[in-house]
Structures are given as C-alpha cells and as structure tokens.
Q: 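Quick one: the structure is below, questions incoming.
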Amino acid sequence: MPFDWTAFWPQLAEAAKQTTSMVSFSLLFSALLGIPIGVILVVTRDGHILANRFVFTVLNSIINILRSIPFIILLVAIIPFTRLVVGTSIGTAAAIVPLVAYAAPYIGRLIENSLLEVDKGVIEAAQAMGATPWQIIWRFLIPEALSSLVLALTIATIGLIGASAMAGAVGGGGLGDLAITYGYQQFKTEIMLVTVALLVLFVQVLQTFGNILSKKIRRR
Amino acid sequence: MIVLENIRKIYGSGTEQVEALKSITLNVKKGEIYGVVGFSGAGKSSLIRCVNLLEKPASGKVLINGVDIQALKPSELRQQRKKIGMIFQQFNLLSSKTVFGNVAMPLMLDRRPGEEIKKKVHELLTFVGLEDKAGHYPEQLSGGQKQRVGIARALATNPSILLCDEATSALDPETTSSVLALLKKIRADYGITILMITHEMNVIRDICDRVAVLDDGRIVEEESVLNLFSNPKTDIAKNFVRTVLNDEIPVSIQSLINEQNQFHRIYRIVFKGEATSQPLLSTIAKKFRVDVNVLHGTITELQGVPFGNLVVDFTGTAEEVERAIFYIHQQQVWIKEVLPNAV
C-alpha cells in the first residue's frame, strides 16, 4: 500500500508545532525555576557571599534525587501532580509539567556550573566595593557568566527536545510521538526518517544559534 | 587611620588548624604609604583582607578612622568599604564590561545619576591616562593598563584608604615603575592613605614611607624605609634588603679580603643623607697618607634621601689608616672592618 504523503504533511506540521510549543513553554518554566536554583547553589556554598550549609545541602540533595529519576518514570509518577496543576494528565499542556520537573533541576546544575566559572577575584572585588549580595548576583555573577549561561540553556533546550519525544507517551503529541507511533510501531520507515530528520534540523539550528549568541556576548 | 590591634587569623579547624596571623598590631598614619613585605605564605594577603573584612579575624580589633568596623552592621560595613578602595594582583576587572563600565561600577552600585557617573569616570580615566580607552574591553588592554583601570575603579567612590594587594607583582619592571608613580601621584593629589602588601622590595624602596616585615604571621621588624634599608636587624629583613641593595661581596673581592694585612685593610662604609654629599673619600685621601680604592658598592635613593653602601680598600701605614677611620667615625658615617670570610 503506497503511503499517503499528502495527508502526512499537515500531520507533520502539527507535530512540529506541538514540539515547539512543548519545548518553549517547558524551557520558559524550567529556566524560571532552574536559574534561581543554580544561583542559590552557588551563593550558598562555603565561603561564598551567602554561605549557608543547610540551604545548600537540602537543595543539592533534592536536585540529585530529581536528576536520578529516569524521565520515563518521572513522567508517570508525576501524573497526580500534573492533574492537580493543569486539570488533566493528557495533552501538550499536561506534558509540560513532567518536562519542567525534569529540566528545572538539570538547568539548575548547568547554571551552577556556569556561575562557578566566574573568577573568585571578581566577586572579591565586588565585595570590596561594598556591593550587596543582590548586586553581586545581578551585576557581577550573571553578566560575567552570560556567554556560558547561553550555552548551558542551549544544551538544556536540546535535552528538552529529546525528552519531549518521550512525553508523547502521555499524549503530548509532537515529533517524537509521530516517529514512534507511525514510524516505529507501524513500520513506516519513511515517516520515522522524515520526522527524525526534522528533529536533527531543530537541534542543528538551535545549537548553531546558541553558539553564535554566546560568541557574540563574549566578543562584546 | 588604619589601626590593627592583636589581629589573629586562623584557617581550618582541629588538628588541621593553621594560624595565618599571630597577633598583628600596626598603625598606618593618614597620608602614609605603608608597605608590608613578606614571602608567600607569610600571611600578607590575610592581613590586607582583614582591613576591609574580606577576611574576618579570629580575634583583635580593626579600627578605620577610629571606627571599630567589626561592630558594624552589614549595611554599614558596605558603606565603610566604599571608603576603602582596593586593587589586586590579577586586577579583577569584569571581562564583560568596557573600561568605562568597570570604572562606573562602584558608582552604579551607589545609584548615582548617569550624568554624574559619566563626568566622574571621564575624570578618573584622564587621571590614570586612559581617557582614549573608555570603550575598550579589559582583554584588549596590557597588564599596566588593566591595573590603571583597577586604580580608577578603586578611586571612583573617593576613598580615604587604598589597599594594594600585590598590585604590581604581575607587571614587568617598567610598568611597575609607572604604576608606582601613579600611586605616588594619588597620594600627592588626594592625600589617600595607602597600605600595600608585596614581596618585591624594590616596590617598598620606591614608594613606601614605612615598612613592616611579615614572617610566619608575625611582624618581625617595623621601621621607616630608610632605617630598614640602612640597618636591617633581622635575618629576613637583611635578606629582603639584599634583593635590591646587593651588599654581598663578590668572590673576586673576597680573595682580596683574605689577603689583607696591616697595610691593606678593607672596610664597609654605610652612609645616608647629608653624608653622601660630602666628598668623604677624597677628603681622606688628601688629609691622610692613605690610598682609597672602592671595591664594590651601591648608592641609591630612599624616600628622597641618598643612601650608599661601599666596600673600600685602605692602603697605608697602620697608624694612618687608624686615623682615617677615626675621622670617618666623626663624620657620623657607619664604618666597619670587613673580616676574612665575613659578608
């Protein structure tokens, strides 16, 4: 039976739209959570501007626990919570909740790493200038790490594209879902190839864009 | 101006404990350039960081203009720190900001109006000679230029104290001199008190008024620069002085010393200030029947006062040499016979 490509293209476009919206919304929320997490993990360290062993240890452990749960399990385990937040556990909106639960701790770690690269001497200079902790974070730590933060967020976005494919399992739709249900489970190799090619294109474009932006910030 | 009283600083705990500062007491007067010299690990950087409490002393008092800054609330301490500028060995500039942005930073933190910031930054950059570099990024500057930016930034809030943490240690000798000249100008123009730590004795010689020698967390010697250079008491101070005033006798001359006899005697003469302007040696040659031969030595300037350290060979009868030596003693010049195998 020849494959009906005319019916497939709109389906692919719809799936691409779903992936884009899933990834962008979950990126937005996980960055909103993850960036402060990363900042807190850095500034509460021993010897840092807001050193607080309790906060650091607790947050660090929570991140580790969340990061060690495989996404596919997290996806299912979190269903009651998802229902509580969005009212349903099926659909694109519902997929965003587990995606955020997955990506926020990940982004937190990436941001932490980027911020730790900032020269300690710069922080010391900031303190010597009489900067408040808030000013040190906003005017010294983040601007100095910005180029590396952009790369970190690029990595997180690409990670989210991968995870969003699995989120298809809860009816989230998207390109990954398309590739699995039509291409893989129904042995329609062409569909799988086209969908995967589109995913590769997404990743390529994002990584290139991230690299250029990061370089631009560094060059400034 | 800056008073440290019995400052102790301890790192680590239990058996791993290291006492970096062991009861440091020092007093830096207003308008003074005070140097602390020591080898790495002597506790210099802990000491300078205790002055603006980047490091908290385990015990002891830090008084800035009479204010016990350890008793201040965090917000008051931040205000106090704005009155204490600091520059660093590695400059610690923001790589993401231009020269202008770096110098403007302390003023931005203070939420000063944009016009005022612009004016002040321009004034500061002109003062340090970088008015044409405002739009450059630190990575486009040389080490000396970066330190000038650091200095401009430190001066932005009109501090009364400037702390220099090995400020010239990453610079080549020529750049070091120009940065030191700038620090001198800062003191002359603004009357700022400068406390600097360094391991470079030439820095102490070139700009300090007083110097403390730090060894293993203790101040082992504290003197005016002139006195320390002309008469260092501890071995460590002698070693430091020797790094810039080489008074060690070369091997070739050492053999002459071993050969000296009663007609041929070698003395070390140390003179400072007025004494250097007198033609001492030629007077002796004329007055007494003694031949004078300078074997080795240096003449330098300390705090604007000439200072000389010479090894001289006197040839003549024992009697005439004795008379010449007696005469030198009367001129308030330090003189001592160099004995074989002595330094």
Side-chain angles (χ1 to χ4, degrees), chain A residues 35 38-39 42-53 55 57 111 113-153 210-220, chain B residues 11 45 48-49 51-56 69 72 74-98 101-111 135-140 146 149-150 153-157 159 161-166 170:
Chain A
I35 294 173
V39 170
V42 169
V43 298
T44 57
R45 260 161 205 266
D46 252 1
H48 216 287
I49 52 172
L50 292 171
N52 185 321
R53 192 166 291 173
V55 173
T57 313
I111 299 291
N113 275 327
S114 293
L115 295 179
L116 284 177
E117 282 168 30
V118 174
D119 184 4
K120 287 231 161 48
V122 169
I123 310 299
E124 199 174 40
Q127 287 178 298
M129 262 177 233
T132 62
W134 193 248
Q135 286 174 326
I136 292 176
I137 292 167
W138 280 104
R139 292 194 174 272
F140 294 82
L141 262 182
I142 293 179
E144 281 296 280
L146 198 57
S147 153
S148 147
L149 290 177
V150 166
L151 284 183
L153 286 177
N211 287 346
I212 292 171
L213 189 62
S214 164
K215 207 168 179 179
K216 207 168 172 186
I217 291 167
R218 193 159 298 197
R219 277 274 141 236
R220 243 185 356 159
Chain B
Y11 292 104
S45 65
I48 201 161
R49 279 167 179 71
V51 175
N52 57 3
L53 294 191
L54 286 178
E55 303 260 14
K56 312 268 184 276
I69 62 166
L72 297 177
S75 62
E76 292 169 334
L77 175 62
R78 286 196 289 270
Q79 287 310 312
Q80 184 67 53
R81 280 175 172 167
K82 290 176 185 181
K83 295 279 130 210
I84 307 175
M86 189 168 188
I87 57 174
F88 305 86
Q89 178 172 10
Q90 295 305 330
F91 324 119
N92 296 350
L93 302 176
L94 282 113
S95 59
S96 59
K97 298 270 188 300
T98 59
N102 270 284
V103 178
M105 187 53 87
L107 302 166
M108 311 261 282
L109 297 180
D110 237 9
R111 297 193 178 78
H136 286 56
Y137 284 91
E139 64 174 24
Q140 298 168 295
K146 283 184 204 169
V149 176
R153 178 175 74 175
L155 296 179
T157 46
I161 292 171
L162 181 64
L163 304 177
C164 306
D165 174 17
E166 296 273 11

Q: Which atoms of B/L54 are under 4.5 Å from chain A, going by heavy atoms: the side chain, the backbone, both sets, or neither?
A: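 Just its side chain gets close to chain A.
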Q: Only pairs of heavy atoms separated by less than 4.5 Å count here; which of A/Q135, A/E144, A/M129 has the most with chain B?
A: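 Heavy-atom pair counts peak at A/E144.
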Q: With a 4.5 angstrom heavy-atom cut-off, could you sort out which part of B/I87 is near chain A: side chain, backbone, both or neither?
A: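 No part of it gets close to chain A.
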Q: For chain A, find which of B/K83, B/M105, B/Q90 contributes the most heavy-atom pairs closer than 4.5 angstrom.
A: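 Top option by heavy-atom pairs under 4.5 Å: B/M105.
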Q: Do A/I137 and A/I49 have side chains that approach each other closer than 4.5 Å (heavy atoms only, starting at C-beta)?
A: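 The answer is yes; the side chains approach within 4.5 Å.
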Q: Would the distance check show the side chain of A/S214 and the main-chain N or O of A/S148 forming a donor-acceptor pair, the cut-off being under 3.5 Å?
A: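 A pair under 3.5 Å: no.
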Q: So which of A/V118, A/T132, A/I123, A/D119 has the biggest tally of heavy-atom pairs under 4.5 Å with chain B?
A: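 With the most close heavy-atom pairs to chain B, the winner is A/T132.
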Q: For A/R139, give me all partners under salt bridge (Lys or Arg N to Asp or Glu O under 4.0 Å), at least two apart in sequence or on another chain.
A: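 None.
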Q: Looking at A/A131, is its backbone amide N or carbonyl O close enough to the side chain of B/R81 to form a donor-acceptor pair, meaning the two atoms are under 3.5 Å apart?
A: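 Flag not set: sc B/R81 to bb A/A131 has no pair under 3.5 Å.
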Q: Can you find a pair of side-chain heavy atoms, one from A/L116 and one from A/R45, that are under 4.5 Å apart?
A: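 A/L116 vs A/R45: side chains touch.
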